[in-house]
Amino acid sequence: MEKSIGQVRKMIEENKKTASLTNVVEKVIPKTLFVIAVISILTTLGILVTLLSETVAFFKEISFIEFFTGTVLKPLGQNAQFGVLPLLTGTLISSAIAMVVAIPIGLMTAVYLSEYASEKVRKVVKPILEILAGIPTIVYGFFALTFVTPILRSLIPSLEPTNILSPGIVMGIMIIPMVASLSEDALGAVPNSMREGALALGATKLEVTWKVIVPAAISGIVASFVLAISRAIGETMIVTIASGSSKNFTFDITQSMQTMTAYIVEVTGGDAPAGSTLYYSLYAVAMTLFVFTLVMNLIAQYISRKFREEY
Amino acid sequence: MKGMKRMAVMTKVKKNFVSPANIGTLEPAQKSKKVAFQTKELNLWYGEDHALKNINLDIFENEVTAIIGPSGCGKSTFIKTLNRMVELIPVVKISGDILYREKSILNKSYKVEDLRTRVGMVFQKPNPFPKSIYENIAYGPKIHGIRNKKILDEIVEKSLRGAAIWDEVKDRLHENAYGLSGGQQQRICIARCLAIEPDVILMDEPTSALDPISTLKIEELVQELKKDFSIIIVTHNMQQAARISDKTAFFLNGEVIEFDATDKIFSTPSDKRTEDYITGRFG
Amino acid sequence: MKGMKRMAVMTKVKKNFVSPANIGTLEPAQKSKKVAFQTKELNLWYGEDHALKNINLDIFENEVTAIIGPSGCGKSTFIKTLNRMVELIPVVKISGDILYREKSILNKSYKVEDLRTRVGMVFQKPNPFPKSIYENIAYGPKIHGIRNKKILDEIVEKSLRGAAIWDEVKDRLHENAYGLSGGQQQRICIARCLAIEPDVILMDEPTSALDPISTLKIEELVQELKKDFSIIIVTHNMQQAARISDKTAFFLNGEVIEFDATDKIFSTPSDKRTEDYITGRFG
Amino acid sequence: GGSDDADETEGNENSSTGNETPTEEVADEGLEGSVVIDGSGTVYPFMAKMAENYMTNEQEGVSVEVGRAGTSAGFKKFLVDQGGTDFNDASRQIKDEEQATADELGIEVQEIKVALDGLTFVINPENDWAKELTKDELIKIFLDSEGIKNWSDVRPDFPNEPISKMGPNENHGTYEFFWEKILEEQDLDADTNLQQEYSILVDLVSKDKNAIAFFGYGYYENNKDKLQAVQVDFGNGPVEPNLDTIGESEDFAYSPFTRPVFTYLNVNMAKEKPQVLDFAIYAVENAQTVAAETGFAPLTDDEVKASLDALNALK
Amino acid sequence: MKYFDSGQIQKKLGSRLLLNQVAKRLFFLATLVGLVVLVILIYRVFSDSLGWIDFEFLSNKLSTDPQKAGILGAISGTFWLMVVVAPVTFFLGVGTAIYLEEFAKKGRFQSFIQTNISNLAGVPSIVFGLLGLTVFVRGLGLGAVVLAGGLTMALLVLPIVVVSAQEAIRAVPQYLRDASYGMGATKWQTIKNVVLPAAIPGILTGIILALSRAIGETAPLVVLGIPALLIPLPEGIFDKFTVMPLQIYYWTIDAALVTEYANLAAASIVVLLFILFLMNSVAVFIRNKYQKRY
Ligand SMILES: Nc1ncnc2c1ncn2[C@@H]1O[C@H](COP(=O)(O)OP(=O)(O)OP(=O)(O)O)[C@@H](O)[C@H]1O
Ligand SMILES: Nc1ncnc2c1ncn2[C@@H]1O[C@H](COP(=O)(O)OP(=O)(O)OP(=O)(O)O)[C@@H](O)[C@H]1O
Ligand SMILES: [Mg+2]
Ligand SMILES: [Mg+2]
């Protein structure tokens, strides 16, 4: 490097004097990024404010009790009634059906992939499940209405052409990949030494999985279920398309029911004169929906944090 | 029969290192013992990697057999072959044979679950299940079909006593096993193993993750267990091998270099490499 | 001035181990050298963990200073304090002072970026950026505002020549640096460091991840670089320290036990523990 | 009729010259900009077709967008401070409150009747007993107060099977019309299966022998293969709903169940944006043809003329 | 005192092994359910769309006449939507991720933002629609234009981008940062020149996944009030637009009026799935190609 040493040095020193821009950038960037990060909080606040302001207006006209205990939802026409129970039952029943499909199948899929499948099978199956998870819900809605419903109706003649069963099932199928991949993560996080410990006692793979691995991963698995329920509760297009819009207060899954989300679509896409109770009801329902899913998400986070496996 | 088995020991290992003479020093009492495991020309590959080479060993019942050797020499691989835990690794290929009580265990008709109820295993890192102490011990009996609560209670107590930990945990049987110290956890794992009443217990460096006091307790326990079980223990700790084992096998690069009474190995090893290893010159 | 600095060396380290006498053996030539770093009562904690204890060292320019000591003794911590890289770890607390060319670098007004352009660093594991070789070398000049393509080209060539790797890579300057061997990568890292023409180069076990041939090349390079740079090198390899350094500091448990001319340390260490360490009795 | 042809040729003339001489004074030549329409889903097919024709045949430079938020929601968008949509389609007349809002905001609203729709009662093709019903019977079936549950409650000789009653839900102007004008605001049988989507109703009826549903004629016309329409006796013998009986050709024989559908024009917008008025005029001129294509009965020539006069007055 | 009778154990072993085999098959079948449904679903839409997807369909604008109708409008609407969503989510998502990973002090505030992001990820999309309607369409008076829809979608998919960008940034080894700091680089120089380039494949993968989510979303746009018939193509972010899922939605519900609309819906689904498939392939390609370069 002979005597060239010092040239670059000099240039660097030179530049340093004019490098005030770097200093400014260095000061501005963290603040800018902070503002950006705060946008996510503003989004939540925005949702809350949007929903709350109109919800408050709603509860000025309809009492809290009437809304949450009313079994009749008749937002239009003669003597309108705003009981949210039909929507709640619709939502809960469709989610329950979805979970009946998604939990066992998703969990079994997870167990298969995590405990039984060879690396090769896993490599093929997982991307396919990812595709399944990536299909737009509108496509599933179409599928529920034009494929699943006719099949179900040939099996259950009393089934209405729009019913909560078919979208419930399809929603379940849609959620399978989510349950499967989150549960598989939880199962995969159980250390191999647990499997070895159990196998060394002469346990079969099933006994290892069912009595050791699944219990050990249970918090992650349950968290995946809760997230899946939350997803089902918030799902919109499948039920909108395939479950019709009857505001029945019923537990008969062969009937058409409306979910909270489908109600929102119906009201926003339909007759909702601003300032009318109907219009406000949209926000009250959305608020209920938001609180529901928020609670579910918080529960899921709580479970997976609190009961983080200790092995 | 006994004679034959003794003759078989190591005959295939490179002749110049181990000769039948090495075995001549076995004490008379041991001559009447039954052979638990007998490996015949056992070879094992992890894919291309030849991890066990022509292993011919006889392991006797109601003895403590120590396996020593430098890291990577195949000790764990060897004892995991004895209860076929190696099979969990997909790339493993095995040739040769292993007889357990004279039956080939590599035979597909020998159910691996059956083998493992006879041949228990304790691992390097304590690995209790994330369940209560009670459930940890009762797990084995339960999967093998014992449902009776009273019998289970008895088994749990007996096993915990057997693993010399009953007094420490009897008041907290229903607490999570992960609340215990490492040494206690390891004894829980031993108790869990005892609960299914195996004939043989394999131990893979059972004390390497433990503090000296816990180590001592487990060593004492091994001495105690020897009365009822055959024990095969892998250890890095030369002193430990010398203290607790009756026989010692020295492994190097997947081969058995020397297999003999522990006293003999540690006082007058036949092979230069055994001596080098024991005196800490390598490994 | 020079005298004063020499006197400061180690005076605070436990008196009975290191005395000013240890420094008496410095060759006359070195006496005229300027001090690069001077640490004063340097203490460093990782949270509660006291990692550096009362370090008082003078490090001279245009010398190779080796830092040796067993794992965890604080070698890396020490050299990372010299360019304030330790500050990246949030729990670190420092007391005492470090002067670089007579200015306190722990002073907030001493810009850390400025310090690091003067005090370059080469790490244990070669860590080129996942960019082309050219971009790796040009990185430093560029961030310091040198944009002129021709000048950059010159710097890149000069630095690669300086790191004795120009011939090996001149035809593939625009290939990813990760395509090189470990030893080549490490020399790229050295070249990258040379590109900003630091005064001092810190090296933290720069050869520990390399094969013997690459190690030799880097050792030769260090000898070469010494002409233009002050070099402080951490090494586990006693032979290496002996071969390439002018001075050696022996660290133990966060303290400097002995700091002296390398010849002296390796022939007649003053402290028993230095001797034990050098002869491989522990560590 | 004859005036139709005249209108069309006039329209064509406009478009052929329009591209060559884009002058600003001549309102309907070489227009640009957008026309925003929202409102009734029932009128949507009509208006969508109209808009498409306008954009392809008449004024390529104009973008007409048609929404289907529903009559009331549409009015909400229509009646905003600075002017919202340019047109609002409605399957009913503007309400007094809506008109009041318009007055308040200073929005001048022009009602334009565009076509006639016949409320059509449909049954399963296999239903061989209820092909003809009287007006009163139909009303009775849907009235809550009548308590009719089985077909035999309608006429004793009908099968003793439960009636599946269906219709569009409250979101639809069709429901409002049915409830206000036919049931005269009496309660609808609570068992009536109300649906948001017409496709569902079509499907329901086509698969249920005991079903009866009501909806706009257009939905029946497009699904004649799956459904049959009830012929209604208004006192002068059964009348089959079709474009002729709903409309003028057969003298409005179906008229008790016929309703006009509208679009409402924001006159302020029409004065501000030439393309809006141009489209309004185009829509009225072509209403009769497009109506027939989209399942509505056409207006009479007089009605068309009246509308045109009103619009031309705005020029 | 033996509790175990080896004969007994042997006897039970048979049924235990059988159960294990049965379970294994069952689990396998369960895994197949998802795959079978996928196959059926794809087969269905393909067979319904047969004969309907051609150059005309792809290049024609919307029409009420099924023979003339095409989805060029919906495709370009989707394109313009992405023109808004991609930079906005990139900017917001990566910015948030950098803040959380590189600048935020571990503590209450950081975990508050983190929790908030996981919660946002779980908020039903329709609620985002209401937010967009209230804030962008009405509040800012944008109307149902591309920009309003894009901003709504951007907020909806923001958590996906933030989380994947965080993971990508976290995966950049500390030694690369050290190397840069060791050269006297400032924090931002290090992030800009070393961390982000190394994390960019992961970030891109996340963005593509987020975009594919945004492309498929219907519910929020239904709420925003996108016109059902919009023939002219959008030419900028202040134009009205429609997108493929909405087109599918309207064609599906209007199939009662015009039977062929069902085929158009199926055809659009095929096109939509094809685009999503392409995007996912690109994501997988990036993931495989640039994974673990250091
Ligand atoms: N799962 C595996 N896949 C591939 N090779 C393996 C595997 N496990 C072990 N090996 C290889 O087999 C050889 C023997 O390994 P083994 O674990 O049996 O050694 P060990 O003697 O138990 O060593 P240690 O004392 O470190 O536990 C080693 O070369 C090792 O790399
Ligand atoms: N990031 C850190 N956080 C907390 N403690 C640390 C950290 N880095 C090092 N230490 C502690 O500081 C002490 C000195 O560590 P240091 O890395 O400096 O040792 P070393 O001499 O370089 O060892 P080696 O030869 O293994 O590299 C050790 O006790 C170590 O545990
Ligand atoms: Mg081992
Ligand atoms: Mg170090």
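Source: prediction; values computed, not measured.
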Which atoms of [X] are under 4.5 Å from chain E, going by heavy atoms: the side chain, the backbone, both sets, or neither?
{"X": "A/Glu130", "answer": "side chain"}
{"X": "A/Leu298", "answer": "both"}
{"X": "A/Ile241", "answer": "side chain"}
{"X": "A/Ile39", "answer": "side chain"}
{"X": "A/Thr236", "answer": "side chain"}
{"X": "A/Phe292", "answer": "neither"}
{"X": "A/Tyr116", "answer": "side chain"}
{"X": "A/Ile173", "answer": "side chain"}
{"X": "A/Thr293", "answer": "side chain"}

- prompt: Among all residues two or more places apart in sequence or in another chain, which pass the ring-ring contact (aromatic ring centres under 6.0 Å, His included) test with E/Phe46?
  reply: none

field: Neighbour count above 12 (heavy atom, 6.0 Å) for E/Phe109 CZ
entry: yes

What part of [X] gets closer than 4.5 Å to chain A, counting heavy atoms only: side chain, backbone, both or neither?
{"X": "E/Leu120", "value": "side chain"}
{"X": "E/Val45", "value": "side chain"}
{"X": "E/Leu19", "value": "both"}
{"X": "E/Ala266", "value": "both"}
{"X": "E/Tyr249", "value": "both"}
{"X": "E/Thr115", "value": "both"}
{"X": "E/Leu246", "value": "neither"}
{"X": "E/Val33", "value": "side chain"}
{"X": "E/Leu276", "value": "side chain"}
{"X": "E/Leu130", "value": "both"}
{"X": "E/Arg138", "value": "side chain"}
{"X": "E/Asn280", "value": "neither"}
{"X": "E/Phe91", "value": "both"}
{"X": "E/Ser212", "value": "neither"}

Heavy atoms, side chains only, cut-off 4.5 Å: are [X] and [Y] in contact?
{"X": "A/Leu129", "Y": "A/Leu113", "value": "yes"}
{"X": "E/Val161", "Y": "E/Leu209", "value": "no"}
{"X": "A/Thr43", "Y": "E/Leu131", "value": "yes"}
{"X": "A/Ile264", "Y": "A/Leu289", "value": "yes"}

For the pair [X] (side chain) and [Y] (backbone), establish whether a donor and an acceptor sit closer than 3.5 Å, ignoring hydrogens and angles.
{"X": "A/Ser183", "Y": "A/Ala180", "answer": "no"}
{"X": "E/Asn116", "Y": "A/Ser40", "answer": "yes"}
{"X": "E/Ser15", "Y": "E/Lys12", "answer": "yes"}

message: Regarding A/Glu207 and E/Arg16, does a basic nitrogen lie under 4.0 Å from an acidic carboxylate oxygen?
response: yes

A/Arg231 bridged to A/Glu235 by N-O distance under 4.0 Å: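 The answer is no: the pair does not qualify as a salt bridge.
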
query: Any idea which of E/Leu100, E/Val127, E/Ile253, E/Leu224 has the most non-hydrogen atom pairs under 4.5 angstrom with chain A?
result: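 Of E/Leu100, E/Val127, E/Ile253, E/Leu224, E/Val127 has the most heavy-atom pairs under 4.5 Å with chain A.
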
query: Highest number of heavy-atom pairs under 4.5 Å with chain A: which of E/Leu38, E/Leu158, E/Leu26?
result: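 Of the candidates given, the most pairs with chain A belong to E/Leu38.
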
Under 4.5 Å, counting heavy-atom pairs only, tell me which of [options] racks up the most with chain E.
{"options": "A/Lys205, A/Met287, A/Glu54, A/Met174", "answer": "A/Lys205"}
{"options": "A/Ile128, A/Ile176, A/Ile47", "answer": "A/Ile47"}
{"options": "A/Thr204, A/Leu294, A/Val121", "answer": "A/Thr204"}

message: Walk me through whether E/Gln114 and E/Gln166 qualify under side-chain hydrogen bond (donor to acceptor under 3.5 Å, both in side chains).
response: CA-CA 11 Å; E/Gln114 200 73 63; E/Gln166 273 186 287; 2.9 Å; yes

- request: Could you check whether the rings of E/Trp251 and E/Tyr261 sit parallel, tilted or perpendicular, using 30° and 60° as the cut-offs?
  value: tilted

Return all side-chain donor-acceptor pairs below 3.5 angstrom for residues 138-151 of chain A, not counting sequence neighbours, or 'none' if the list is empty.
| unit_1 | atom_1 | unit_2 | atom_2 | d |
| --- | --- | --- | --- | --- |
| A/Tyr140 | OH | A/Leu132 | O | 2.6 |
| A/Thr146 | OG1 | A/Phe142 | O | 2.8 |
| A/Thr146 | OG1 | E/Arg44 | NH2 | 3.2 |
| A/Thr149 | OG1 | A/Ala144 | O | 2.8 |
| A/Thr149 | OG1 | A/Ser166 | OG | 2.9 |

task: Answer yes or no on whether E/Lys187 is positioned over the face of E/Tyr181, meaning its NZ or CZ is under 6.0 Å from the six-membered ring centre and within 45° of the axis.
output: no

